[in-house]
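Some notes on the structure that comes next.
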Amino acid sequence: MKILTYGCQMNVADSERMAAQLSTIGYQEVGDVETADLILINTCCVRESAEDRVYGKIGEIKHLKRQNPKLIFGICGCMAQKEGENLIRRAPHIDFVIGTGRSGEITNIVKNLEEIQSHIVDTSNVDGEIQNNFPLRINNYTLFIPIMYGCNNYCTYCIVPYVRGRERSRLPKDIIAEVENAVKAGVVEITLLGQNVNSYGKDHKLSNFAELLTEVDKINGLQRLRFMTSHPKDLSDELITAIRNGKNICEHIHLPVQYGSDKILQKMNRGYTVDKYRQLVKKIREQIPNVSITTDLIVGFPGETDETFDETLDFIRDIKFDAAYTFIYSKRSGTPAAKFDNQVDDKIKHERLQKLMDVQNQISLEINEQLKDEILEILVEGASKTDETTFTGRTRTNKLVLFKHNNEQAGDLINVKITQPQTWVLKGEVV
Ligand code: SAH
Ligand code: SF4
Ligand code: F3S
């Protein structure tokens, strides 16, 4: 089998779990789609560009189906949830389409398909119960663990609440057990995942996120603990304290601000003002020394003007994020913002994106340059994609480090001296 994964870490985690389940009925992973007997595309629909990439890939699979009539080809994930049988209408070489609530049923669906030899479309259960009894499959030193599913925030641009359902938190004991098993199997870094981890536990009330994080942090053998994503409106003082007092909780907070003008933030339904965000960042930086803060930004949201955009530039110059992921607003049908007046012209969107990136890149470089000659601990990831002799690793603050490889292994924690800081990576030497 070959699983192709698009989108966010939640999809990466779901793909891992589906691979683990499929391995229990005899499917083993292969390196490429050409030699696979089962191809699964785990999809994202957060922006139109993400969907376009998936349609491109679906097209590429067509000739493989013709060569090998026994090949099973399925689509799952967020775009499958959103489009359902439209996908099969558009591309009849797809055998099955399952939504985000059915990933726990993947083995049954594949078994059924082997028998009935017809299409299966199942997008039910989007708000359904959370499964816990996944076989654990460890092929790495780091692992993503979803602690909750869904989102209740309904930011007006965003499709995620519609394709991932309402917020549902897993039980603390199930999460702890999963982390313990992973650590026993050799995992050294865990990332706890949710669309908004700060609202963890608001449903079952057995534990809030700060408490959960503190509990997980106590697990013996775990070296690094990360989490994402934090929503600025819900990040509590208790959480900041938990991070500060933590043993292995990494000093990195991904805190998407989306925009730097109140008028637009309100239309986005984000639930905070620029000023409130600023206060929050100030508090975080006061309490957690050397913390890195990264963000997401959207340009071209309906109603954006030169003034609101300039406010945003001033805002990011003021906050000084370590890094920002910048996106062009993409109209998602079914979301409120798709119907808002004053949609922004494409050309202007692209110009603004470029400007925003230029400003942020300069800031990232300046921040990273302050790390020159510092000795930082990194978790070794392995060889870089382009060069076998260069290895990559990450600092606790989640910055990518490149270094010349001697005999370090993936999963090692080592110290490097930063020799050449750049905008997106730090080059260093092992000490
Ligand atoms: N739950 C997380 C991430 C959601 S999706 C959060 O709330 O931050 C990841 C990012 O995609 C978002 O932070 C946002 O910046 C971006 N995004 C979401 N919908 C978008 C859209 N319609 N157009 C462009 N970017 C979008
Ligand atoms: Fe989308 Fe907003 Fe939920 Fe994030 S918090 S997933 S941006 S609706
Ligand atoms: Fe994309 Fe779904 Fe994640 S829409 S960003 S894969 S939750």
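Indexing begins at 1, ligand by ligand and atom by atom, following the structure's order. Since we're looking at a predicted model, the values are computed, not measured.
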Lys282 and Glu286: CA distance, side-chain angles, deciding distance, salt bridge (Lys or Arg N to Asp or Glu O under 4.0 Å) verdict = CA-CA 6 Å; Lys282 186 161 171 270; Glu286 279 166 5; 3.6 Å; yes
Exercise: do [X] and [Y] side chains pair donor with acceptor under 3.5 Å:
| X | Y | result |
| --- | --- | --- |
| Gln370 | Glu366 | no |
| Asp234 | Asn196 | yes |
| Gln360 | Thr326 | no |
| Gln354 | Asp358 | yes |
| Thr308 | Tyr259 | yes |
| Lys202 | Asn152 | no |
| Ser330 | Glu48 | no |

Taking non-hydrogen atoms only, is Ile328 closer than 4.0 angstrom to ligand 1 via side chain, backbone, both or neither?
-> backbone
Region of Phe327 engaging ligand 1 - heavy atom pairs below 4.0 Å | side chain
Heavy-atom contacts with His231 under 4.0 Å: which atoms of ligand 2 show up? List them by number with element.
-> 5 (S)
State whether the shortest distance between N or O atoms of [X] and N or O atoms of ligand 1 falls below 3.5 angstrom.
| X | value |
| --- | --- |
| Tyr329 | no |
| Thr229 | no |
| Gln258 | yes |
| Ser330 | yes |

Considering only non-hydrogen protein atoms, determine which one is nearest to [atom] and report residue, atom name and distance to 0.1 Å.
| atom | value |
| --- | --- |
| atom 1 (Fe) of ligand 3 | Cys44 SG, 2.4 Å |
| atom 3 (Fe) of ligand 3 | Cys8 SG, 2.3 Å |
| atom 6 (S) of ligand 3 | Asn11 ND2, 3.3 Å |
| atom 3 (C) of ligand 1 | Gln195 OE1, 3.9 Å |

Which ligand 1 atoms are under 4.0 Å away from a heavy-atom of [X]?
| X | answer |
| --- | --- |
| Arg332 | 22 (N) |
| Pro256 | 8 (O) |
| Val46 | 5 (S), 18 (C), 19 (N), 20 (C), 21 (C), 22 (N) |
| Asp296 | 9 (C), 10 (C), 12 (C), 13 (O), 15 (O) |

On the ring face of Phe327, is Arg47 found with NZ or CZ under 6.0 Å from the centre and within 45° of the axis?
-> yes
Flag this pair as yes if the NZ/CZ of Arg90 is under 6.0 angstrom from the six-membered ring centre of Tyr55 and inside a 45 degree cone about the axis; otherwise no.
-> yes
Listed protein N/O/S atoms, distance to atom 1 (Fe) of ligand 2 under 2.8 Å | Cys158 SG
contact_flag Ile298 ligand 1 heavy-atom lt 4.0 Å = yes
Are Asn196 and ligand 1 in contact, using a heavy-atom cut-off of under 4.0 Å?
-> no
Going by the 4.0 angstrom heavy-atom rule, the piece of Gln195 near ligand 3 is side chain
Select one of side chain, backbone, both or neither to describe which atoms of Cys78 lie under 4.0 Å from any atom of ligand 3, heavy atoms only.
-> side chain
Under-4.0 Å salt bridge between Glu189 and Arg394 = no
Under-4.0 Å salt bridge between Glu304 and Arg352 | yes
Using the ring of each side chain (for Trp, its six-membered ring), is His231 parallel, tilted or perpendicular to Tyr272, with breaks at 30° and 60°?
-> perpendicular
Can you label the angle between the His252 ring and the His254 ring as parallel, tilted or perpendicular, going by 30° and 60°?
-> tilted
Of Glu48, Arg47, Met268, the residue with the heavy atom nearest atom 25 (N) of ligand 1 is Arg47
Value rounded to 0.5 Å, distance of CG in Asn269 from OH in Tyr154 | 11.0 Å
Taking Arg168 for the side chain and Gly128 for the main chain, is one N or O donor matched with an acceptor at less than 3.5 Å?
-> yes
Look at atom CD of Gln28 and say whether more than 12 heavy atoms of other residues, nucleotides or ligands are closer to it than 6.0 Å.
-> no
Gly77: heavy atom below 4.0 Å from ligand 3, yes or no?
-> no
Out of curiosity, is Arg164 lining ligand 3, as in a heavy atom under 4.0 Å away?
-> yes
